[in-house]
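This report refers to the structure that appears directly beneath it.
Proteins come first, then strands; the chains are lettered A, B, ... in the order of their sequence lines, and each starts at number 1.
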Amino acid sequence: MKLATWNVNSVRAREERLLAFLDRHRPDVLCLQELKVVDGDFPLVRLREKGYFAAIHGQKTYNGVAILARSEPEDVVCGLRDGVEDPQARLVSARVDGVRVISVYVPNGSEVGSDKYAYKLAWLKRLRAYLEQHHRPDERIVVCGDINVAPDDIDVARPDEWKDTVLCHADARAGMRELCAWGLFDAFRKCRPEAGLYSWWDYRMLGFPKGNGLRIDHILVTKPLLEQCSGAEIDRNERKGKQPSDHAPVLIDLATS
DNA sequence: ATGGTTGCTTAGCAA
């Protein structure tokens, strides 16, 4: 199974790029974040023509997540459903070819100390609680998406510049570690231990031309899947050319039957 | 250097 995750930063603005990406890589599963559309405006028909089904959890203007798959997603669940009043569409889960796939868009957090940062840290805790309630670490599970955390300094081109921002702050990193402590492993990093691999570059300050990148998009897998990871890449070409998202897609190969 | 850019929605927010 070839699985990918990509924060497209508006599925309407990125529709042509999305279709071209699917042609180029033909992933079995593609998790999307920041759709910025309601379900009815998602380009279902054109994706179906490409051979992809979709599980969508959309929202007007902000957020929105989806799972595209070449076989029909089963047992689709939207949102954390933990009783917290929360209108933000940041999680969709579905079973695809016997693998539980969970596409997440973790809150960015804006500024350390802000209400948005508190929401980010709380959301990471809620995600861990969601896994505890609904799943077991011995299942075949992929949690992937824009986690909005660079887990270590090796994941940051210029650590001094990003130190103590919401993407690198100790509390955000601890939140991601606590999430993973449930039983998730960084599948991309297992395959690609080298430095210099990033998935996001700020539009501002010419982040991409200056090589000022961070690895904040992740593919986390449970132990049964970790051993099946045979390769991983980030498609930096998606960050180039006309109208790129600020994120590049992250891909892994899983040796599932 | 409180800058810079993009998307959604139309002046301001979020990233």
Side-chain angles (χ1 to χ4, degrees), chain A residues 5-21 31-43 46 56-66 79 85-92 103-124 127 144-151 155-169 171-173 175-176 198-218 234-250:
Chain A
T5 183
W6 189 14
N7 179 327
V8 288
N9 185 19
S10 167
V11 74
R12 280 178 295 197
R14 229 62 65 198
E15 185 170 332
E16 298 308 320
R17 273 188 177 262
L18 171 60
L19 294 166
F21 174 82
C31 293
L32 299 173
Q33 299 87 37
E34 279 207 87
L35 305 178
K36 299 186 175 183
V37 291
V38 293
D39 292 10
D41 289 336
F42 191 83
R46 293 186 74 190
I56 311 159
H57 185 30
Q59 182 185 332
K60 180 181 160 75
T61 311
Y62 302 119
N63 309 311
V65 287
E85 173 84 30
D86 187 348
Q88 302 191 31
R90 296 182 174 276
L91 181 149
V92 62
S103 176
V104 299
Y105 175 41
V106 175
N108 168 282
S110 187
E111 306 241 334
V112 171
S114 67
D115 290 350
K116 290 193 178 72
Y117 191 58
Y119 172 66
K120 173 184 194 167
L121 299 178
W123 205 93
L124 283 165
L127 178 56
C144 65
D146 180 357
I147 309 291
N148 264 318
V149 178
D155 303 305
V156 187
R158 303 179 192 175
D160 292 348
E161 200 169 304
W162 292 91
K163 181 175 156 49
D164 292 336
T165 66
V166 292
L167 305 179
C168 300
H169 188 262
D171 292 340
R173 285 179 168 174
M176 183 173 167
Y198 313 115
S199 66
W200 175 81
W201 298 260
D202 203 331
Y203 285 132
R204 296 167 290 187
M205 299 177 290
L206 304 172
F208 188 71
K210 292 182 180 174
N212 194 0
L214 294 88
R215 192 175 69 96
I216 59 173
D217 300 86
H218 302 290
I234 294 175
D235 186 358
R236 291 178 83 261
N237 288 324
E238 267 314 333
R239 189 61 179 79
K240 301 175 184 172
K242 253 186 88 172
Q243 275 199 298
S245 168
D246 45 352
H247 296 253
V250 182

* Interatomic distance at C1', B:dG3 relative to B:dA15, whole Å -> 16 Å
* Option passing side-chain hydrogen bond (donor to acceptor under 3.5 Å, both in side chains) with A:N63 (candidates A:E34, A:H57, A:R90) -> A:R90
* Asked: If you find the nucleotide of DNA chain B closest to A:A13 and the one closest to A:N148, which residue's nucleotide is nearer the 5' end?
  -> A:A13
* **Sequence-distant partners of A:Y198, side chain to side chain donor-acceptor pair (under 3.5 Å), two or more places apart** => none
* Of all nucleotides in DNA chain B with an atom under 4.0 Å from a non-hydrogen atom of chain A, which is the first and which the last going 5' to 3'? -> B:dG4 to B:dA15
* Asked: NA contact type, A:Y105, heavy-atom cut-off 4.0 Å: base, sugar-phosphate, or nothing?
  -> sugar-phosphate
* Taking C-beta and beyond as the side chain, do A:D171 and A:Y117 meet within less than 4.5 Å on heavy atoms? -> yes
* Asked: Judged by atom type as modelled, is there a donor-acceptor pair below 3.5 Å linking the side chain of A:S103 to the main-chain atoms of A:V92?
  -> no
* To do: For A:N212, check side chain to side chain donor-acceptor pair (under 3.5 Å) against everything at least two apart and list the hits.
  => A:E161, A:W162
* Asked: What pairs of residues pass the salt bridge (Lys or Arg N to Asp or Glu O under 4.0 Å) test when at least one of them lies in residues 238-248 of chain A, not counting sequence neighbours?
  -> A:R17-A:E238, A:R24-A:E238
* To do: Taking only heavy atoms on the protein side, list every residue of residues 155-166 of chain A lying under 4.0 Å from any atom of DNA chain B, sorted numerically.
  => none
* With sequence neighbours excluded, residues passing salt bridge (Lys or Arg N to Asp or Glu O under 4.0 Å) with A:E16 -> A:R46
* **Rounded C1' spacing from B:dA1 to B:dA11 in Å** => 25 Å
* P atoms of B:dA14 and B:dT9, separation to the nearest Å -> 14 Å
* Structure fact -> Which of A:H247, A:Q33, A:K36 passes side-chain hydrogen bond (donor to acceptor under 3.5 Å, both in side chains) with A:N9? It is A:K36
* Hey, which sits more toward the 5' end of DNA chain B by its nearest nucleotide, A:Q243 or A:D246? => A:Q243
